[in-house]
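Before any comments, here is the structure.
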Amino acid sequence: MSRLLWLPLVMAALAAAAVLGQGWTASEAILETRLAVKVEVLQRLIAVSPRMWRFQELRIREALETLPVPLAGEQAEVLTIAGDVLARTIGDAPTPTLTRTATLHDAGAPVGQLTMQISLRPAVLESLSAGLLGLLGGLATALALLRARRRVERLQAEVEEQQEHARITLSSISDAVVSTDVEGRIESLNPAAERLVRMGVSEARGRRLDEVLKLIDERTLEPIADPVRAALDGHRSKERDGDEVSLARDDGSSVAVELTTSRLHDAAGQVVGVTVVLRDVSALRRMAQRISWAATHDSLTGLVNRREFEARVDAALVRARNSDEQHVVCYIDLDQFKLVNDSSGHAAGDGLLRALATVVQQHLRAGDTFARLGGDEFGVLLEDCPMDRARDIAEHLLGVVRDFRFNWNGRIFSVGASIGLAEVTGSCLGTAEIFSAADAACYWAKEQGRNRVCTHRSSDADLAERRREMGWAARLTAALDQGRFTLHYQPYQALNPGHMAGRHIEILLRLSDEEGELVPPGTFLPAAERFNLMPQIDRWVIEQVLSRYHALNEKLGPGLVCAVNLSGTTVNSEGLLEHIRSLATRHRIPAGAICFEITETAAVNNLRDTNELMRELQGLGFRFALDDFGIGTSSFAYLKSLPVDYLKIDGSFVRNIAHDAVDRAMVETINRIGQLMGLSTVGEYAESEAVIAELRLLGVDYAQGFGVQRPAALPLTEPSDTATLEKTVA
């Protein structure tokens, strides 16, 4: 009877032990498999980013929790070699548990540890269940064993599915990953690598890496050192500084790549191969090349720009100082070009400049530099060229320009040129002196009747410049006495619906010469500045605008804001504040109606006095705009100290933003900083609808330029009172 009682107990114990043993074995197999999968993923992460992997907590946790799909009752954590926890899964492993640990290696050296636990509680519970069933007989035990076997098979199937998921994840990486053995023979390619080398894994397996990946230095076109051998010798970082690596293909094409190599180790830390990671960076390098080209070339003509031209002249000057070489700078200014813009628009002018640049380039020597310096001004650097030879070349170029004809919509245009020559020798003080000499010679060519070549001689040029400015000084004084200054205006266009209140215009100064022809300010203002006539001229403008403001407000629209330019000498002139205060009181000028524009150069030259004047006038209700912003060397450094209301972005950046990425970025940066400071921004030289559209997209508040409206004569109005204004004394 006792034997009968012991039989079910023995059967239950045997069943429970068998189930527990199988559960242990299954759990151990599962744990070992999952540990191996996670180690493989983490080792690839370390191989790709050997220096940064330990800081990528999110990617480490993702590998722990999703590769393979997590099981209930599982816990995993990654520690540094010092025992610090880098990442840990969220779940817990209820006791009793089974634990396994693996060491993570980098270049053969241990760098971390992966620890995994899996709960044996399900196995224990099943063993107890099997024991209870064993009490009912052998059939129950057999059924329990069958259930355990099926569970093991199911778990093994899940592990295989998770391993396949890990393989698919690796295959989806966009970078090309190539694995080799220690002999440099390819063992595997992921799909990205197959596409890059245009070869399947079955065809590439077993071949040497240098047979499949033909890597060259882009600068020298020479093959680079074997990356596998370099990795095995201890080099595991990216390509050497300065190297630009390309993958050469059999059809003659190439792909710019970023190359990374690292060694692979087995569980014992032995080197078993090398992983080569290739990233296609063709688009990035093309963008870098475009940006570099844009920084040194004119976007309209494709010629070297002024900045690069000055750098090349400076380099030529250094060579001249270190040798007997002699070079010549040609300064070319087109004549009658303005007629093309005025009669047919800027599109015609741009087309003429492009065509003429192409023609002139064909008549220069191979080593000469042809540059567009701005507007209709060009420069040529004739290297290793004596002055007599340079004059012959310049005379030839003069004939080329004279014979050039440009057809625009059936109209034929021709232009002339005035050319000034200046030597580049070791005795020159610097590039500024050279450019000044060439510019003076060019101006002298214009003064002598245009369409000619003049060579700079310091005494002649200085005398001519002095006489020219002295003549203008007398003419400007006479123009003030005879009332030959006139005012024009150019409106702003509001680009933001929030800035529609009122109308903004800039007051522009013009001079009628003795024959009644308008003279642009760029012609006479330099002489007015030099002979201290600008304070008298600016005060005349201020008197005219303030005395007629109310009449202009009625004619041009309510809420009118008039922008009036102040020169640097005017800002620092004695009595300006009192003069403006008196006029504002007399003519009852409302707050915010007048905005004074000061160039950033004028502001920074006497920052303290300018700041004080601006704050005093702001207290009287006047506004201020910082004009031509962005061309100075320290624009942003002093912007915060100036109490301005408007920021006018220099037109040299604005005019090309529709097709020049660098200029667009400059405008975007200036606009963003200005608006962060609470300033309204104005884009100058908005000469087309395309430029205005780009300004609107960038969030600039106002646009000003020919694309908005060409300057027009200020409407004739009477002063707001009949009081006789006191004559301003310079």
Side-chain angles (χ1 to χ4, degrees), residues 19-50 52-127 148-149 151-170 173 264-270 272 275:
V19 172
L20 182 59
Q22 289 190 355
W24 180 283
T25 302
S27 298
E28 188 174 39
I30 293 170
L31 185 57
E32 292 286 349
T33 302
R34 296 176 66 80
L35 182 70
V37 172
K38 294 183 186 296
V39 167
E40 180 181 358
V41 174
L42 290 172
Q43 285 292 163
R44 290 185 179 275
L45 177 60
I46 294 171
V48 174
S49 302
M52 300 300 296
W53 75 274
R54 61 175 57 88
F55 303 108
Q56 302 182 28
E57 181 181 355
L58 293 178
R59 295 190 63 180
I60 295 174
R61 182 176 292 120
E62 179 183 11
L64 294 180
E65 294 180 349
T66 63
L67 296 172
V69 176
L71 295 176
E74 175 187 283
Q75 185 180 42
E77 63 181 3
V78 176
L79 300 88
T80 65
I81 199 66
D84 298 325
V85 177
L86 295 179
R88 177 183 290 132
T89 57
I90 298 176
D92 294 325
T95 58
T97 60
L98 182 63
T99 303
R100 291 291 183 270
T101 300
T103 302
L104 303 175
H105 294 84
D106 178 22
V111 295
Q113 179 177 288
L114 170 63
T115 300
M116 291 189 62
Q117 290 183 332
I118 189 169
S119 177
L120 294 176
R121 183 173 294 180
V124 172
L125 293 177
E126 288 195 7
S127 67
R149 181 178 301 165
R151 179 175 178 275
V152 170
E153 292 174 350
R154 184 175 65 255
L155 291 176
Q156 289 176 338
E158 290 178 359
V159 170
E160 292 176 357
E161 181 180 352
Q162 292 161 7
Q163 288 177 326
E164 178 65 13
H165 178 70
R167 186 191 65 77
I168 293 173
T169 301
L170 180 62
I173 296 175
L264 292 176
H265 301 81
D266 59 15
Q270 296 297 316
V272 295
T275 295

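Note: hydrogens, waters and symmetry copies are ignored here, and every other heavy atom, side chains too, is used.
A heavy-atom distance below 4.5 Å is found between the side chains of Thr101 and Gln113. Side chains of Val78 and Leu114 form a contact here, defined as non-hydrogen atoms less than 4.5 Å apart.
To the nearest 0.5 Å, atoms CD (Gln117) and CD (Gln75) are separated by 5.5 Å. Remark: Leu98 CG to Ile118 CD1 distance equals 7.5 Å, nearest 0.5 Å. Interatomic distance, CG of Leu264 versus CD1 of Ile46, reported as 11.0 Å (0.5 Å rounding).
Side chain of Thr115 to backbone of Glu77: no donor-acceptor contact under 3.5 angstrom is found.
Scanning both residues, Val85 and Arg88, for their nearest heavy atoms gives CG2-NH2, 3.4 Å.
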